[in-house]
Amino acid sequence: MKIEFAPLKIPLQRRLETAAVLQWVFSFLALAPCCYILFILLIFTRFWMVSVIYATWWFWDRETPSHGGRQSQFLRRLRLWRYLRDYFPIELIKTADLDPSQNYILGFHPHGILVAGAFVNFCTEATGFSVLFPGVTPYLLMLPLWFRAPFFRDYIMCGGLIPSDKDSATYLLENKQGGSAVVIAIGGAPESLDARPGAFTLLLKNRKGFVRLAIEKGAHLVPIFSFGENEVFDQVENPRGTWLRWIQERLQKLMGVALPLFHARGVFQYSFGLIPYRKPIFTVVGKPIKVIQNDKPTGEEVNALHQKYIEELCQLFEDHKSKYDVPEDMHLSFI
């Protein structure tokens, strides 16, 4: 393998952008376990009281993640996130207004490896979500596992992350004043195993829980497609039926976390590493699909709305793909 080194004289802007993306990658891959280790190690030092106090606070605050979390506008507006946005770069595209008196479920596609577009667009203000959609507050769902990590849970809640369970979403969608937008990467962790450049396969065919929840709470559905999300990382070939894919799927069922073997570039060379490629990401927010509230929807109602959602998502993709260099003969496929 030929190693291609980056130029030695790197402009200040590029250094800041690289530092921002390193912080983001580290947060998703290593910060949670580091927080666990720190919490345990403090117990065996003279600072043991820190862990005791935090454990007390943790117990008292245990319901907060499922009750809307604790967003911090200071953290969401940090200049750091603008450098992360500019690294790729990432852009949020609006196609229709969202009425702030309504609640929404925003379906994000595709999941990608580390949901870069979802994080930058909905957990920070780097792309101007509050300006594009005034009066609407986004909440991105994340695996509940991450909210069991001490200190880390408080950090991710500040960005608007909440556990990906029904109770957490229900709490926000029952907001009578409206303006809550629950963002769900519908394909979830399993879809990340198919995330690679040029892939347009979505895990959606049998994912209907979000549709049922939308009907039960009267929340409008909004399809989102993030062009370029799968382009920022390569992944080791793992087609279905291979031993590698079998191991990954078993681990995902046991741990709840997918383990894609991904790679991209390094900090000082362009050939191999865990730093994502500089590929643009365009996150297109579609128009809302109006949903009539029904406490006990039938299977037929759920299936009909699910089919309508797929049709709207496909139309969104077809309407915009030519703008973002997707071949004309390329279409979405569902599994």
Side-chain angles (χ1 to χ4, degrees), residues 4 6-7 10-25 27-28 76 78-95 106-129 131-133 138 140 183 185 187 191-192 194-202 222-235 260 262-267 269-286 313 316-332:
E4 298 180 17
I10 303 175
L12 176 60
Q13 179 71 15
R14 284 294 180 94
R15 291 202 296 264
L16 292 171
E17 291 168 3
T18 302
V21 82
L22 280 170
Q23 189 275 342
W24 169 68
V25 171
S27 294
F28 272 85
R76 287 175 57 87
L78 282 178
R79 183 180 294 273
L80 173 74
W81 306 130
R82 291 183 231 167
Y83 294 130
L84 177 59
R85 172 200 65 194
D86 294 341
Y87 175 88
F88 293 95
I90 296 175
E91 183 178 349
L92 183 64
I93 294 95
K94 169 184 175 179
T95 63
L106 277 57
F108 184 85
H109 310 271
H111 182 283
I113 296 293
L114 293 180
V115 284
F119 177 80
V120 173
N121 287 309
F122 306 117
C123 296
T124 81
E125 282 295 331
T127 54
F129 182 92
V131 176
L132 291 173
F133 304 103
L140 178 62
V183 185
E191 191 177 86
S192 67
D194 289 312
R196 52 178 44 85
F200 293 100
T201 299
L202 304 180
V222 181
I224 298 173
F225 195 87
S226 195
F227 292 89
E229 193 74 38
N230 282 339
E231 307 300 316
V232 298
F233 288 105
D234 289 317
Q235 184 171 177
F262 63 92
H263 58 89
R265 52 162 288 188
V267 178
Q269 45 79 26
Y270 295 137
S271 299
F272 190 82
L274 295 180
I275 308 301
Y277 297 122
R278 287 181 179 269
K279 298 291 182 69
I281 296 175
F282 301 96
T283 303
V284 184
V285 181
L313 177 62
L316 180 70
F317 177 80
E318 296 295 331
D319 288 345
H320 292 85
K321 67 181 183 181
S322 61
K323 303 175 187 176
Y324 307 119
D325 299 324
V326 177
E328 187 63 32
D329 60 350
M330 187 66 70
H331 308 284
L332 294 181

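Annotation: side chain to side chain donor-acceptor pair (under 3.5 Å) contacts involving residues 110-122, sequence neighbours excluded, comprise Asn121-Thr127, Asn121-Thr283.
Residues satisfying the side-chain contact (heavy atoms from CB on, under 4.5 Å) test with Leu274, not counting sequence neighbours, are Leu29, Phe262. Shown here are the ring-ring contact (aromatic ring centres under 6.0 Å, His included) partners of Tyr83, two or more places apart in sequence or in another chain: there are none. Taking the ring-ring contact (aromatic ring centres under 6.0 Å, His included) definition, one finds that His320 meets it with nothing, sequence neighbours left out. Looking at residues two or more places apart in sequence or on another chain, you find no side-chain contact (heavy atoms from CB on, under 4.5 Å) involving Ala19. Qualifying side-chain contact (heavy atoms from CB on, under 4.5 Å) partners for Glu231, counting only residues two or more places apart in sequence or in other chains: Pro197, Lys279. Remark: Phe129 engages Phe122, Phe133 in a ring-ring contact (aromatic ring centres under 6.0 Å, His included) (not counting sequence neighbours). Listed by chain and number, the residues in a side chain to side chain donor-acceptor pair (under 3.5 Å) with Glu125 are Arg76, Ser130 (sequence neighbours excluded). Listed by chain and number, the residues in a side chain to side chain donor-acceptor pair (under 3.5 Å) with Asp86 amount to none (sequence neighbours excluded). Every residue meeting the side chain to side chain donor-acceptor pair (under 3.5 Å) condition with Tyr277, not counting sequence neighbours, appears here in chain and number order: Asp234. Partners of Glu91 under the side chain to side chain donor-acceptor pair (under 3.5 Å) rule, at least two apart in sequence or in another chain, do not exist in this structure. With sequence neighbours excluded, the residues satisfying side-chain contact (heavy atoms from CB on, under 4.5 Å) with Glu318 are Lys321, His331.
Across every non-hydrogen atom of Gly286 and Leu316, the tightest pair is CA-CD1, 3.8 Å. Across Pro110 and Ser226, no two heavy atoms sit closer than the pair CD-O, 3.6 Å. Residues Leu114 and Trp24 share a closest heavy-atom pair of O-CZ2, 3.4 Å. The two residues Val21 and Pro276 have their closest heavy-atom pair at CG2-CG, 3.6 Å. Closest non-hydrogen pair, Val232 versus Ala264, comes out as O-CB, 3.8 Å. For Gly112 against Ser192, the heavy-atom pair with the smallest separation is O-CB, 3.2 Å.
Checked by atom type and distance alone, the side chain of Gln235 never pairs as donor or acceptor with a backbone atom of Arg196 at under 3.5 Å. Of the possible donor and acceptor atoms, one in the side chain of Arg278 sits under 3.5 Å from a partner among the backbone N and O of Tyr87. Side chain of Glu229 to backbone of Ala116: a donor-acceptor contact under 3.5 angstrom is found. For the pair Glu191 (side chain) and Ala185 (backbone), a donor-acceptor distance under 3.5 Å is absent.
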- Query: How far apart are the C-alpha atoms of Ile93 and Tyr324, what are their side-chain angles, what is the distance that settles it, and do they pass the side-chain contact (heavy atoms from CB on, under 4.5 Å) test?
  - Reply: CA-CA 12 Å; Ile93 294 95; Tyr324 307 119; 3.8 Å; yes
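Interatomic distance, OG1 of Thr95 versus CG of Leu132, reported as 11.0 Å (0.5 Å rounding). To the nearest 0.5 angstrom, Ile113 atom CD1 is 7.5 Å from Asn230 atom CG. From Leu80, atom CG reaches atom CD of Gln23 across 5.0 Å, with rounding to the nearest 0.5 Å. Annotation: the span from Phe282 atom CZ to Leu92 atom CG amounts to 12.0 Å, rounded to 0.5 Å. Here CG of Leu84 is found 11.0 Å from OG1 of Thr18. Values are rounded to the nearest 0.5 Å.
Taking the side chain as every heavy atom from C-beta outward, Val267 and Ile275 approach each other to under 4.5 Å.
Between Phe317 and Phe225, the ring planes lie perpendicular to each other; the angle is over 60°, past the 30° to 60° tilted range.
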